[in-house]
Amino acid sequence: MNYDYKAQEAKWQKRWDDAHAFEAKQDFTLPKYYPLVEFPYPSGQGLHVGHPRPYTALDIVARKKRMQGYNVLYPMGWDAFGLPTENFAIKNKIHPKTVTERNVARFKGQLKALGLSFDWSREINTTDPSYYKWTQWIFLQLFKKGLAYKKEMAVNFCTSCKVVLANEEVVNGVCERCQSTVIRKVKSQWMLKITEYADRLINDLDGLDYIERVKAQQINWIGRSTGAQIRFATTAGDDLTVYTTRCDTLFGATYMVIAPEHAMVEKWKDRLSNYDEIAAYRTASSRKSDFERTELVKEKTGVCLQGVRAINPVTGKEIPIFVSDYVLAGYGTGAIMAVPAHDDRDFAFAKAFGLPIVQVVEGGSIEEAAYTDVDTGKMIHSGFLNGLDVEDAKVRMIEYLEEKGIGHAKVNFKLRDWVFSRQRYWGEPIPLVECEHCGWVAIPEEQLPVMLPEVDSYEPTENGESPLSAMEDWVRCTCPVCGGAARRETDTMPQWAGSSWYFLRYCDPHNDKELASREALAYWMPVDWYNGGMEHTTLHLLYSRFWAKFLYDIDVLPQSEPYSKRTSHGMILGENGEKMSKSRGNVVNPDDIVRDYGADTMRLYEMFIGDFEQSAPWNPQSIKGCKRFLERVLNLTEIAEGEGVTAALEKKLHKLIKKVTEDIDAMKFNTAIAAMMGFVNDVYDHGSITKSDLRTFALLLCPFAPHLAEEVYEMMGGVGLASLAPFPVCDESKTVDDTVQMPVQINGKVRAVLTVDVQADKEAILALVHADAKVAEALQGKTVVKEIVIPGRIINIVVK
RNA sequence: GCGGGUGUGGCGGAACUGGCAGACGCGCCAGACUUAGGAUCUGGUGGAUUUCCGUGCAGGUUCGAGUCCUGUCACCCGCACCA
């Protein structure tokens with residue numbers, strides 16, 4: 001039969017639209033299911049074959065759940081603010097809004113062509129003022145709770161994009177987007193106190209069904225460490241506080257190091273005979289990017305402070321203080337006690353500067369390398385700690401420090417606060433004004449949204465200020481508190497803002513009173529299954545969990561975790577096994593596949609390509625296997641006859657229902673498809689199938705290849721839409737076989753295969769084994785040592 | 001260095017709590033139908049060979065190991081001077 005997929009696709013997509021088949025129902029008494037995929041950034045390139053993989057996977061989940069009677073919310077939208085659009089707009093002199101509309105239209109067309117069952121009535125767009133009104137509203141709540149603050153700080157500045165980047169956006173010292181050099185620049189920035197949520201962001205992972213690598217990566221990124229803060233007195237009469245995780249080694253601290261930017265350098269300026277040298281060192285390191293600073297791991301540099309020394313609080317000895325850029329200003333106290341005997345970096349520095357190395361934990365060979373093992377070795381040369389294990393020594397030392405009032409236990413995090421300002425046009429305006437009298441003041445909520453004004457030029461300015469800063473008329477305003485002269489904040493929010501709460505808006509997308517109604521949030525949230533890329537684990541995923549926790553704290557959201565389950569798909573690689581990219585010339589356009597093979601084949605192939613979590617290379621040859629399968633399914637309609645059970649296939653069909661149902665829940669889409677292929681092969685081998693059984697099969701196939709499934713279902717007399725019909729339910733009793741094939745092994749080698757009644761016990765099975773000619777032949781002249789029978793599985797006879 | 005992961009035919013990949021390794025698909029080989037086949041259908045397809053060898057490598061546990069344990073190698077991803 002001729003497989004006219006183009007006509008079929010158009011026909012069924014229209015019928016689904018006409019029936020509003022995939023719209024979530026407003027009935028909150030029904031059992032709900034909320035699967036979610038990350039909404040895309042509508043780039044100018046259009047969809048890439050990587051996009052449909054997760055979309056199709058969760059579409060299968062959504063479609064199956066819908067057929068199983070759940071009220072399903074499977075939404076889609078556009079994360080449309082961002083630099084590429086702005087850059088394109090600048091280059092082509094088109095308004096970014098126009099560019100966005102064009103890109104969205106293209107993406108939407110491509111997604112619709114794939115037959116994805118999104119609820120388009122809930123489509124959202126982060127650049128829509130009715131959406132970003134609420135992004136601004138959330139920011140204001142953060143501001144009001146003191147979680148947004150302005151800070152002069154050295155920030156990462158991309159020399160090409162002319163924009164400040166978050167730490168997360170700097171990869172190997174270059175801009176994540178354009179690969180240009182990133183330098184340090186001091187700017188006043190809005191910051192969000194995500195660090196205040198660090199503990200909860202780690203601890204609450206416990207109850208969540210996230211794949212291991214996501215949890216591990218988040219924990220690693222937040223970087224919680226427990227240690228102690230210790231105060232060292234100095235010869236300047238003040239003191240210097242350090243953070244350490246190895247307070248047990250305090251007796252071995254033979255010098256100290258502070259970051260070049262450390263405030264004490266200025267404080268001690270008059271006492272330091274080599275201040276100029278130190279200042280020069282500081283200037284040199286500030287010019288280096290983070291990358292350069294960390295790249296030369298082996299080469300330790302630094303300057304010894306002449307004029308101020310510290311006193312080790314337990315040995316009473318005076319020790320030198322150095323500045324060195326191996327100590328980071330932003331972590332801990334920006335100062336360390338150096339224990340060269342037990343820290344690799346301190347060891348390298350001590351060797352370079354000829355500093356004393358005092359061993360305080362036995363083990364290793366200190367002449368060659370630092371001994372960093374904490375599990376073996378007792379404390380030595382450590383006064384009251386001598387003889388203790390490292391862990392016990394830590395506890396004892398903290399007690400001592402607290403007794404003496406010179407230190408205490410302390411937890412530190414690698415996680416930094418979130419740099420929230422961007423000096424760009426195409427983002428949400430930050431809804432604040434600066435008043436001469438009142439300082440930073442929030443725009444009253446009823447005046448939201450603060451609309452992004454029309455500007456003449458979207459070009460970033462040479463001085464790094466936002467393009468909005470050039471609009472004097474817009475910038476000048478009055479203070480909402482005192483009515484005096486004020487100036488608007490001209491920075492915009494980062495792209496991560498809009499995506500940090502979009503899953504909430506889907507619950508109630510047209511609400512103009514609240515970001516979403518309490519009832520809708522209570523019903524739909526949390527997201528039941530969220531799938532997205534691993535590249536978003538430390539950015540989007542962490543930010544959105546932070547915002548959800550905040551919204552929970554201020555009683556907007558009923559739950560403190562937004563996603564119950566998080567999975568991640570593998571990448572689709574080019575034919576050559578390399579990552580798909582324009583520069584490698586191995587990009588496959590999904591439009592071509594849909595045109596040449598049809599949407600169902602495309603969907604099926606993306607799912608059949610391999611393990612969903614693993615990356616897999618694109619293979620144009622393999623696609624036709626999926627197409628052949630679909631044609632073979634369609635051709636079954638020509639041999640299908642009658643109603644009722646196809647006796648010879650009954651068990652196979654029920655096993656298939658079970659397999660497909662379980663595999664979808666376990667994300668094993670590839671083996672579900674393989675099983676369906678196997679079943680179709682069985683039907684052809686058998687030569688016939690009833691129309692009712694073929695309808696059942698079509699329903700099983702429906703989540704995967706919905707257009708063809710609808711067609712087959714209709715041809716076989718199915719009533720209504722297959723997409724809305726009940727998903728087949730397996731009758732367990734029909735999946736049980738009467739007999740099993742049991743291999744008989746002799747010394748682990750299969751010598752015969754017996755057909756055995758499922759109910760047969762050991763004795764009955766052994767009787768069969770002994771009666772078997774092949775077995776008898778193989779046992780000739782051998783002595784049986786042992787007979788192992790695992791009913792239903794295998795028989796192994798051990799002989800000599 | 002730390003964390004996570006992966007090694008199975010020519011290729012993508014299957015294999016439940018240890019139980020016939022290679023499901024399913026691609027490719028390939030042979031045949032059928034054809035003016036034709038890069039369409040379709042049928043059969044075959046891990047390697048040598050009549051009995052073995054085979055899941056990165058080396059050991060171990062077991063009646064039995066792709067699966068468990070010890071060690072080791074290679075590759076991929078994330079973080080990385082975080083004290």
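Proteins come first, then strands; the chains are lettered A, B, ... in the order of their sequence lines, and each starts at number 1.
Taking 4.0 Å as the cut-off between side-chain N and carboxylate O, A/Asp209 and A/Arg566 do not count as a salt-bridged pair. A salt bridge between A/Glu613 and A/Arg213 is present, with a side-chain N of the basic residue lying under 4.0 Å from a carboxylate O of the acidic one. Between A/Glu391 and A/Lys394 there is a salt bridge, since a side-chain N of the basic residue sits under 4.0 Å from a carboxylate O of the acidic one. By the 4.0 Å N-to-carboxylate-O rule, A/Glu732 lies close enough to A/Lys658 to be salt-bridged with it.
The side chain of A/Tyr331 lies closest to B/A83 when the candidates are B/A15, B/G78, B/A83. Distance from the side chain of A/Lys668 is smallest to B/A15 among B/G19, B/A15, B/U40. Taking every side-chain heavy atom of A/Gln217 into account, B/G78 is the closest of B/C53, B/C24, B/G78.
Using P as the reference atom, B/G54 and B/G60 are 14 Å apart when rounded to the nearest Å. Rounded to whole Å, the P atom of B/U51 lies 27 Å from the corresponding atom of B/A58. Taking atom P in both B/A65 and B/C57, the straight-line distance is 15 Å, to the nearest Å.
A/Asn747 comes within 4.0 angstrom of no nucleic acid atom, judged by non-hydrogen atoms across all strands. Residue A/Lys414 is classed as a base contact, given a heavy-atom separation below 4.0 Å to a base. At a threshold of 4.0 angstrom between heavy atoms, the contacts of A/Gln745 include nucleobase atoms, whether or not backbone atoms are also involved. In this structure, A/Arg632 reaches the sugar-phosphate backbone alone: every heavy-atom distance under 4.0 Å involves primed, P, OP1 or OP2 atoms, never a base. Residue A/Asp346 is out of contact with every strand shown, counting any heavy-atom pair closer than 4.0 Å.
Rounded to a whole Å, the CH2 atom of A/Trp221 is 17 Å from the P atom of B/C77.
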* Structure fact -> Each base of RNA chain B marked ( ) or [ ] if paired in-strand (Watson-Crick or G-U under 3.5 Å), | if paired to another strand and . if unpaired gives (((((((..(((......[....)))((((((.......))))))((....))..(((((..]....))))))))))))....
All N/O contacts under 3.5 Å from nucleotides 8-12 of chain B to the protein, with atom names and distances to one decimal?
from	atom 1	to	atom 2	distance (Å)
B/G12	O2'	A/Ile609	O	2.5

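Two rings, from A/Phe322 and A/Phe349, have their centers less than 6.0 Å apart. In this structure, the ring of A/Tyr605 has its center less than 6.0 angstrom from the ring center of A/Trp618.
A distance of 5.0 Å separates CZ in A/Phe413 from CZ in A/Arg224, rounded to the nearest 0.5 Å.
Classification of B/G54 as anti follows from a glycosidic angle more than 90° from 0.
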